[in-house]
2 protein chains.
Amino acid sequence: MRGKPTSLDIAHLAGVSQPTVSRALRGSPMVNEETRKRILAIAEQLNYKVDKNASGLRRQHAGTLALLLFEDPTADESHINPFFLPMLGSVTRACARHGQDLLISFQQLSDDWHAEYGDSHKADGLILLGYGDYLAYQGKLKKLVEQGTPFVRWGAVMPDQPGLSIGCDNVGGGRLAGEHLAALGRRRIAFLGDASNHYPEFLDRYRGCEDALQAAGLSLDRALQVDAESAEDSGYAAAMALLERGLPFDAVFAASDLIAIGAMHAFHERGLRIPEDVAIVGFDDIPAARIATPALTTVVQDTIRAGELLVEALVRMINGEPVDSTRLTTSLVVRKSTGAGA
Amino acid sequence: MRGKPTSLDIAHLAGVSQPTVSRALRGSPMVNEETRKRILAIAEQLNYKVDKNASGLRRQHAGTLALLLFEDPTADESHINPFFLPMLGSVTRACARHGQDLLISFQQLSDDWHAEYGDSHKADGLILLGYGDYLAYQGKLKKLVEQGTPFVRWGAVMPDQPGLSIGCDNVGGGRLAGEHLAALGRRRIAFLGDASNHYPEFLDRYRGCEDALQAAGLSLDRALQVDAESAEDSGYAAAMALLERGLPFDAVFAASDLIAIGAMHAFHERGLRIPEDVAIVGFDDIPAARIATPALTTVVQDTIRAGELLVEALVRMINGEPVDSTRLTTSLVVRKSTGAGA
DNA sequence: CTGAAAGCGCTTACAG
DNA sequence: CTGAAAGCGCTTACAG
């Protein structure tokens, strides 16, 4: 036998027809138990693997999911948001459990990705991860829906959104941050992050924090809000801009840990003490949050569960089963950047 | 037209035969320029994409590379070595440039991955990343070579290794660390990391450091070497074990940044000052190295270039072109953990 | 329970 | 330069 064995090779060796081999291998109930065992044994011995291309072609599907990670147009090559790493791990493992292969690709929001996958049968569905301007994104999502390409995205769950999303409860997370800072007696809280409908997740975090502060008789002063994207240098710049304004503040809620860490650099440079002068809360609990000095208090998202849900939802969608958007609960991990905790 | 358009649909519309469409789309030189343009225009308009399964089946290849990331059997779900993140990004982008799709998968060293990919035509070749016991790994690599599955791995370049590898110059990197510590006047240098042939990269780093110290009239005392894997808790435990020994030391060269950061925790806990009492050098320059307090002096590997080389080498190998193992140069970034730098 | 037949959508000799 | 034909290795009605 030369080259890779085929189902026909196995059929010859087992003394059955090729379709019977195919049935036996796929676990069809209409194959005699004896026959199946014989076939399985031979397949095992030859190290036979079903040809993915042939099977995919015949069944008109790929058995493959594609993970598209969107990056900031500004992001330099080496910086992928570390927040996505555990999620990627979780998605990968979940795919394996579901018997799906996983294709990954980095995309610019501007690319032609919406057409690339479905039509070529490279993947049966898409998992979309990544920050970026939501309004720019939305149009593409609509096209995907029109084309009938199954997809799930990680992000804020919103009414009237095209397609389905799995996200954390950003409002709830923001609320946790606000409650914590209020309970610590902080009064003038700054928000670093773009709080507009271009970044619905950040906006929800802002609103959640605002809710909590209002419930405590405080408010989130818009004059203390500075736009920032989820990147250290952006957080640094935002903190500097905040200081420039010359308004008093005693706490910062950063829309992400990367922003928070950048801001901490800025405060250190300017001689502000954390948490004495400024308490800081981040969002995401990336590995750096624990390592930073002082260690960063932050809102934790369950990225592992998120990855699993993304895959489950997509697989169900591909199978035509009903699926809903899901919001995952968040929790707060208190560390020294707010003067409490370990 | 219902469903995805096929090349036959385009043929009808263009008034040519289906094979001509195929030729035109693939840029065959034997198609009339006019005809090609007409076909391309129609294809564009219909948003036609070549069916990957059909094309792959006919051509007997996948147009896909698989990235296999090996994890410690001990590693908990959420901890992927952050060192691999930029490499993963780079591999992904390089694949896109080479027109290859990228499948990713996490594997245990013990899994049956060596048979999984080639035979099923899921991928034309494998990129292998990950630490782990090399001796356990080697057997699988040999099998891949026997099967004729094209693969490249990231790791120490060694004589007589099965297949090909791209790695950094670990000896050179270790030498940089040793020279730096010697130049700072440190005399008793500890090494944290498994320095055996189970971990050839760590062993090379150890040897490089040893070389440099000997050149400076010093030596790397084996009594100051403690085994550790590339993980924070392992580094922490190793540092504690080192302290237990009660031998004097004034510097630590950690085989990786994760080990170094774990060790720093241990030293902080025990009241040792860094760098006054112990200078520390790591390896990898992961993001946390910059964020740690004090910031960690470390040996930098060019992970971006590494990713590109891995893909290039694999693609050439698949095309039957000659390829060689490559060792990338390293550099030292000096930070406060050795009392110098910013 | 099993087999003969058709066909998924391409690519590639083979003719012309 | 173009077309008719074959075939990649499966899966799935259709018969029996």
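In the text below, chain A, chain B and the rest are named by the order of the sequence lines, each starting its count at 1. These numbers come from a predicted model, not from an experiment.
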Below 4.0 Å: OP1/OP2 of D:dC10 and any side-chain N or O of A:Tyr48: yes

Side chains of residues 41-51 of chain B: which donor-acceptor pairs under 3.5 Å do they make with residues two or more places apart or in other chains?
unit_1	atom_1	unit_2	atom_2	d
B:Asp51	OD1	B:Asn53	N	2.8
B:Asp51	OD1	B:Ala54	N	2.9

Donor-acceptor contact present, side-chain A:Arg23 to main-chain A:Ser28, <3.5 Å: no

Of residues 26-36 of chain B, the positions that come close to DNA chain C - non-hydrogen atoms, cut-off under 4.0 Å: B:Arg26

Which side-chain N or O atoms in residues 150-167 of chain B pair as donor and acceptor under 3.5 Å with protein atoms at least two apart or in another chain?
unit_1	atom_1	unit_2	atom_2	d
B:Arg153	NH2	B:Ala156	O	3.2
B:Arg153	NH2	B:Gln161	OE1	2.7
B:Gln161	OE1	B:Met158	N	3.1
B:Gln161	OE1	B:Ser165	OG	3.3
B:Gln161	NE2	B:Ser165	OG	3.3
B:Gln161	NE2	B:Ser325	OG	3.1
B:Ser165	OG	B:Ala156	O	3.3

Counterpart residues, side chain to side chain donor-acceptor pair (under 3.5 Å), relative to B:Glu146 (two or more places apart): none

Touch class at under 4.0 angstrom, heavy-atom based, for B:Ser22 against every strand present: base

For DNA chain D, stems built from three or more consecutive Watson-Crick or G-U wobble pairs below 3.5 Å: C:1-3 with D:14-16, C:5-12 with D:5-12, C:14-16 with D:1-3

B:Arg23 or B:Asn53, whichever maps to the more 5' nucleotide of DNA chain C: B:Asn53

B:Asn319 side chain vs B:Glu321 backbone, donor-acceptor pair below 3.5 Å: no

Nearest atoms (heavy-atom pairs only) where B:Gln18 meets B:Ser7: NE2-OG, 3.0 Å

Modelled atom types, side-chain donor and acceptor of B:Glu308 and B:Ser90, under 3.5 Å: no

Closest-nucleotide 5' rank along DNA chain C - winner of B:Leu57 and B:Pro19: B:Leu57

Please tabulate, for side-chain N and O atoms in residues 59-69 of chain A, each donor-acceptor pair with protein atoms closer than 3.5 Å (sequence neighbours left out).
unit_1	atom_1	unit_2	atom_2	d
A:Gln60	NE2	A:Leu57	O	2.7
A:Thr64	OG1	A:Lys52	NZ	3.0
A:Thr64	OG1	A:Ala62	O	3.1

B:Gln60 or A:Gln18, whichever maps to the more 5' nucleotide of DNA chain D: B:Gln60

Length of the NE2-C1' vector between A:His61 and D:dC10, whole Å: 12 Å

